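Remarks on the structure that follows.
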Amino acid sequence: MMASSYNAKEDDGHPSVATGHGGAGTVKNKKPDNTAFKQQRLPAWQPILTAGTVLPAFFVIGLIFIPIGIGLFVTSNNIKEFEIDYTGVDISSPCFNCSQNYIWNSTTPCTCTLPFKLEQPFESNVFMYYGLSNFYQNHRRYVKSRDDSQLNGDQTSLKNPSKECEPYRTSDNRPIAPCGAIANSLFNDTLELFYIDPNGSKNAIPLVKKGIAWWTDKNVKFRNPGGNDNLTVVFKDTSKPVNWRKPVYELDPLDSGNNGFINEDFIVWMRTAALPTFRKLYRIIQKKTNNMTPTLPRGDYILEVTYNYPVRSFEGRKRMILSTISWMGGKNPFLGIAYITVGSVCFFLGIVLLIIHHKYGNRNNSADIPN
Amino acid sequence: MDLSVLRNLISRYCAGEEFWVDSRTVYIGHKEPPPGAEAYILQRYPDNRIVSSKYTLWNFIPKNLFEQFRRIANFYFLLIFLVQLIIDTPTSPITSGLPLFFVITVTAIKQGYEDWLRHKADCSINECPVNVVQQGAVVRTQSHKIRVGDVVMVREDETFPCDLILLSSSRDDGTCYVTTTSLDGESSHKTYYAVPDTISYITEREMDSLHATVECEQPQPDLYKFVGRINIYKEGEDPIARPLGAENLLLRGATLKNTEHIYAVAIYSGMDTKMALNYQSKSQKRSAVEKSMNVFLVAYLCLLISKAVINTVLKYTWQWSTNQDEPWYNHRTEIDRERHVVIRAFTDFLAFMVLFNYIIPVSMYVTVEMQKFLGSYFIAWDRDLYDEELGEGAQVNTSDLNEELGQVEYVFTDKTGTLTENRMEFIECCVDGHIYIPHAICNGQILSAASSIDMIDSSPGGYRRDHEDLFFRALCLCHTVQVKEEETVDGIKMGLHQGRPTSFYISSSPDEVALVEGMKRLGYTYLRLKDRYMEILNKDDEIERFELLHVLNFDSVRRRMSVIVKSSSGDYLLFCKGADSSVLPRVVSGKVEQVRARVEQNAVEGLRTLCVAYKKLSPEQYQDACHQLSHAKLALQEREQCLAQAYDIMERDLILLGATAVEDRLQEKAADTIESLHQAGMKVWVLTGDKMETAAATCYASKLFRRSTQILELTKKRTEEQSLHEVLFDLSRTVLKEHSLSGCSVDCQDYGLIIDGATLSAVLKPSLAGSGSANYRDIFLEICRNCSAVLCCRMAPLQKAQIVKLIKSSKERPITLAIGDGANDVSMILEAHVGIGIMGKEGRQAARNSDYAIPKFKHLKKILLVHGHFYYIRIAELVQYFFYKNVCFIFPQFLYQFFCGFSQQPLYDTAYLTLYNISFTSLPILLYSLIEKHVSIETLKRDPSLYRDVSKNSLLRWPVFLYWTCLGLFDACIFFFGAYFLFDNTTFTSNGQLMTTNTQMMFGNWTFGTLIFTVLVFTVTLKLALDTHHWTWINHFVIWGSLLFYVIFSLLWGGIIWPFLNYQRMYYVFMQMLSSGPAWLSIVLLIVVSLMPDVVKKVLCRTVWPTATERAQSNGPCVTVESSSIFVLSQSDSGLSF
């Protein structure tokens, strides 16, 4: 990659001149040591970036990057993705009513149903996401509004949450568990998928809600306050977050391993997104045990939404996404395109440098000969 | 009340010094003068405690903190820290507090330690025992208890505890010998005299009975000036007043030699002593690099402020609607909501400032300081700068100017001792036109006296014989040389009688030694000065004795010295020797023409010439002279003028005897060095006090002027013929015409200018006409700029500094370097940007006041061309790289604000913010700035023109700075938008796969930041790797080591739930990122894309517009391989093993 020349200098401490005077060493101890470091003569590799040396590097990068890019692009294109917006902005949208008459803490859930059609079958595991737009999960006030030690099961923090949680720290003079703005705004729509058989029957598709959070988050970072298996007792003196309909110990009453702070939907929500438009994993649709039929065959589907989460006040959007994944994750043509582009640019630059090298390299060499 | 008294009072009060008086009066032994004597104002004197320490135990912390925060950078970081403490800011105060605390603590510990050492040194000095005479007995006490007026007894080899006036010594003649090695580095013994009237008080008891007062001036720092008067009161007699001069004053720090003991009275004590007054630190010099660094800092500060302002404004436009400001999921606290909007905006502005403040890193200052401090060791360690003869290597007095050595445009050099060896050798003398040449000396052994006179013209005559005798005697008598005996026990007489060289001569002027030694070789040996009698062994082995009556000392204004002696026959004789220009006009008879011709001929050959003259005084004349001298010496005020006047009267109507010629050989490789400096594009000026012909000859010999050089003269001789005005315009026309005709500066005729002191002062003199003088000055500068070499002769020390200042302040503001070896060069050394002292024979004053001291002139070549060049490219890269890496670091944060609602959300975790500059990216650049060598030392030495590549601060100019900044901005955009498109999931998903558990996962904002940060750390480190041309094993270790450290740290930082943190946001973030394939792919991609433009730019520039340095880089290795292929073969294994 680089022009290299090994430039080794005398570093053995025996220059012929200095040792000539016999008495010099004994009388004049002020004389500096003749070490390679002190004399700045450490042996060194001296690479120089010249057209001749950089050329092959550019070609090599080009030759490596373009195949990788093509591979990534093809893989990404093979991933099937389906997205549906259920915000209900249009009057024609089934969810329009729900989005209009929105009241916090309403007892009667508003549901709406969206039919959609998959043109292609989805093979293997299918991942179901919800997506939000214009939702600033990365706002500073929002990001810091949490108490990690409370979420880790610390008893004192449970009773006395961190000041960072303000103004979602206490309600009715009782500490909120889990406190803070992030927890308070937990996404609480319920999404359900139904497959419409060609014969017209409506089959619910099984959605797996375990394994959607980081393993370390679920098992180490988030913990229910210890001491008692009965979460009702543990959270006795705390108050539920203001916007929640049910307290934290009722997030998943059926599964004690998914209840309280270690509820996976909750954990996923607590990992704040980097950008204002984001998607979060909601459920996994496991592939069928018999490999004969695809996980989601092509055909008609119905998405049933229990519409709880208001986004229209800040002009946000809500989406449901279905996607398969590959070894490189979800659909992401960007990487492939970028690799192909960079590879081509490198190749092109290589050619340009080759021309320049031929044109100027000779001229320089001939110019240097008189010297 | 008298008005004048009132006025006096007012002026005194206004001056703020109530008890200020011009002189102080000291009562010797604290005995009041008898009534009737003048009444003196009593003054309070400080005690003899020396305080060189800055702090005490109590004021250390406040005072040191105050000193440190006076530095603008520290103050800035303190402000940021305070802002972080007071308001709610995105990053915790630790991120800026910790580095600041670290820097402040390290500096404080260093300064505290240094001060503790000073305290210890002070203590040992202040408590060292001294002998004080009290009530007729010697009392042992501690040094700091000495009060002004105490009579102190000092024994041989003891150091004087304060400034003393010598009263009497154990020698009969009341003299004592002193060395001032620790004061000015001169090791020769100097003689000090007691006032004749106090010599007789030689015991403690007698001392106690002395009743006298000393009047002297208030303390002043000049070591060689002192004016005072002693009044001695005796019972029943009138008080006797005697003058006191520098020859009576024993300075603190000097050591008593060859004298058993002395009695002396303390007159200046403690911080009033001349030594303490001389400790005042020199003014701080700042390098050009530091100045441009500060300019860049200001530019970045503007960038920082504008960033913060832009973001604040955008924030408030964006959150105009409540939905954006406070959506339902993200409410403000009550307190926040109640704040006034202006206060909120201001707080937001400050918060943005804090968020972006890392763009000006604390660590840059620390790294620059460390680089300078550690880097300067390479000069002291360099064996090429070591002189075997002197036994000393180069010495670095300040490390602030290392890189300035690579920027020098003008070199001002002294001639004597700098270009020349200052080892004088007597060549010949000429008596009335007859020339005498002593035989060559063999290894210092003097040939026998009789055979050593070689007369060229032997036509003896009575008159001539007479003059010859006088001439040799004059040279034997008219000097201030001392004889130092090797073995005092045997007695000097014996040794000298046998003709064995058991004694040698010491003098502050090497010319005098050369003359006296030359006389010895011609048969007249100066034996010694005993009891005011000078003894000479003449050609016939007879001892002649002359009574030494007066010495009219040499000074640089008169440029001559004289002695008045009384011969054994009772004649009073005045012998005078001095520069031809100062002696010849005072001569009334003698063969002036022949001598003058010879002198001029010698001068052209580069020899130093002196003229010798004499004058016979009648007893009346002598009495008259005596009277005048003692009168002048008694004067308290303006004694110098009085003395000069008296000397002037005496040194008149002389009879010329002859002239001498002394050779001062060129230093080895002086010519080679000057040639290299010329090739490197520096202009070399020689500033000397010597006469024009001699100096010009030296200049030719040292190749400053070549045969082809056209010499322009601007001397007194010429201005006498024409007016200064005409000469100046004439010269400028010559120079400029040629310049415009040929157009290029390379091929045109080079000019050398010779100017002398008198003309220079005429040129620089501010004339009353106003515009005229400025005109002259400009024309002069214009002429100088077009001359490749300039010789200024007949310069006074102050004029040397004036010249340097003139060039320094000319409109291009060139970097100047002054090099010299003597005390007369100190002013110019202090004035120039870089001052270099040569550890010469004329004492160590120049070396002590310089920034760098080297043993020989030839070492200038390596220190400038090699060390200077290296230091410059190192520090230039250091500065540019620091700004670059912090732009890369902070600009993504700025971009992120557009995507997080301008909420000051930091992109990186606190640990990364804090450690980025401290540990992840600090060591590689520090190491680079210490050991980078872009071309080999040999190449730099061989090809001085490479120096032009770095001249005029070329690596720190605005275009280069803008290139680096743009590169930083580009890289930052690549980092941010690369990660953004990867994460932006309107079209793309950001899922990766955890390979071990096959679990689907989502990335949050901290992963986003960590991804960017990882790319950032790798990119900036690899960028430095690309810039490194010299890869030693240390470079490999540090560069790969710091990348490894980053990875290990991140794994550790995210691997544990840290119990002391109140957030766990980084938990497993780094590991999760590494387990995702796209993250790896994008890291590689982004690094390649960020580095590509720089590589392409480098390669293109190198191929299409290569600089000389780059050519040398590509050619250099080939040449070394050819010349030392055996070495390469044998060493390649060790090289490859890295």
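Quantities reported herein were computed from a predicted structural model and do not represent experimental measurements. Letters A, B, ... are given to chains in the order of the sequence lines, protein chains preceding strands, and every chain is numbered from 1.
Annotation: maximal heavy-atom pairing with chain A below 4.5 Å, among Tyr377(B), Tyr1068(B), Trp1006(B), Phe902(B), occurs at Tyr1068(B). Your options are Gly180(A), Ala181(A), Ala273(A), and the one with the most heavy-atom pairs under 4.5 Å with chain B is Ala273(A). Chosen from Ser157(A), Ala274(A), Ser162(A), the residue pairing most often with chain B at heavy-atom distances under 4.5 Å is Ala274(A). Counting heavy-atom pairs closer than 4.5 Å to chain B, the top residue among Tyr136(A), Phe314(A), Phe65(A), Phe58(A) is Tyr136(A). Between chain B and the residues Lys144(A), His139(A), Glu315(A), the most heavy-atom pairs under 4.5 angstrom are made by His139(A). In terms of non-hydrogen atom pairs under 4.5 Å with chain A, the most contact-rich of Glu334(B), Arg332(B), Met1092(B) is Arg332(B).
Once rounded to the nearest 0.5 Å, the distance linking OG of Ser92(B) with OH of Tyr1063(B) reads 6.0 Å.
Side-chain atoms of Leu132(A) and Phe278(A), non-hydrogen and from C-beta on, do get closer than 4.5 Å to each other. Using a 4.5 Å heavy-atom cutoff, the side chains of Phe37(A) and Phe378(B) are in contact. In this structure, Thr50(A) and Arg1102(B) have side chains that are in contact, with non-hydrogen atoms separated by less than 4.5 Å. You'll find the side chain of Trp214(A) stays beyond 4.5 Å of the side chain of Lys221(A), heavy atoms only. Side-chain contact between Asn1005(B) and Gln905(B) is present, with heavy atoms from C-beta onward closer than 4.5 Å. No side-chain heavy atom of Ser76(A) sits less than 4.5 Å from a side-chain heavy atom of Phe334(A). Here the side chains of Lys1098(B) and Val54(A) are not in contact, with every heavy-atom distance at 4.5 Å or above. Side-chain contact between Phe135(A) and Tyr142(A): present, with at least one pair of heavy atoms (C-beta onward) separated by less than 4.5 Å.
For Asp33(A), the part lying near chain B is the backbone, with the side chain staying farther off; criterion is any non-hydrogen pair under 4.5 Å. Of the atoms belonging to Ala1079(B), not a single heavy atom falls under 4.5 Å from chain A. Only the side chain of Ile1057(B) comes within contact range of chain A, with heavy atoms under 4.5 Å apart. Heavy atoms of Ile79(A) lying under 4.5 Å from chain B are absent altogether. Only the side chain of Ile1034(B) comes within contact range of chain A, judged by heavy atoms closer than 4.5 Å. For Leu72(A), the part lying under 4.5 angstrom from a heavy atom of chain B is the side chain only. At a 4.5 Å heavy-atom cutoff, the contact between Phe870(B) and chain A is made by side-chain atoms alone. Looking at Val866(B), there are no atoms closer than 4.5 Å to chain A (heavy atoms on both sides), in backbone or side chain. Heavy atoms of Ile931(B) lying under 4.5 Å from chain A belong exclusively to its side chain. Using a 4.5 Å cut-off between heavy atoms, Asp88(B) contacts chain A through both its backbone and its side chain. In this structure, chain B has no heavy atom under 4.5 Å from any part of Ile182(A). At a 4.5 Å heavy-atom cutoff, the contact between Asp325(B) and chain A is made by backbone and side-chain atoms alike. Residue Pro327(B) touches chain A through its side chain alone, counting heavy-atom pairs closer than 4.5 Å. If you measure heavy-atom distances from Val352(A) to chain B, you find no contacts under 4.5 Å at all. Only the side chain of Tyr896(B) comes within contact range of chain A, with at least one heavy atom under 4.5 Å from a heavy atom of that chain.
Residues that satisfy the salt bridge (charged side-chain N to carboxylate O under 4.0 Å, His left out) test with Asp348(B), not counting sequence neighbours, are Lys315(B). Taking Cys165(A) as the reference, Cys179(A) meet the disulfide (SG to SG under 2.5 Å) condition, with sequence neighbours excluded.
Atom CZ of Phe977(B) has more than 12 heavy atoms from other residues, nucleotides or ligands within 6.0 Å.
When atom types are taken as modelled, the side chain of Asp943(B) and the backbone of Thr939(B) share no donor-acceptor pair closer than 3.5 angstrom.
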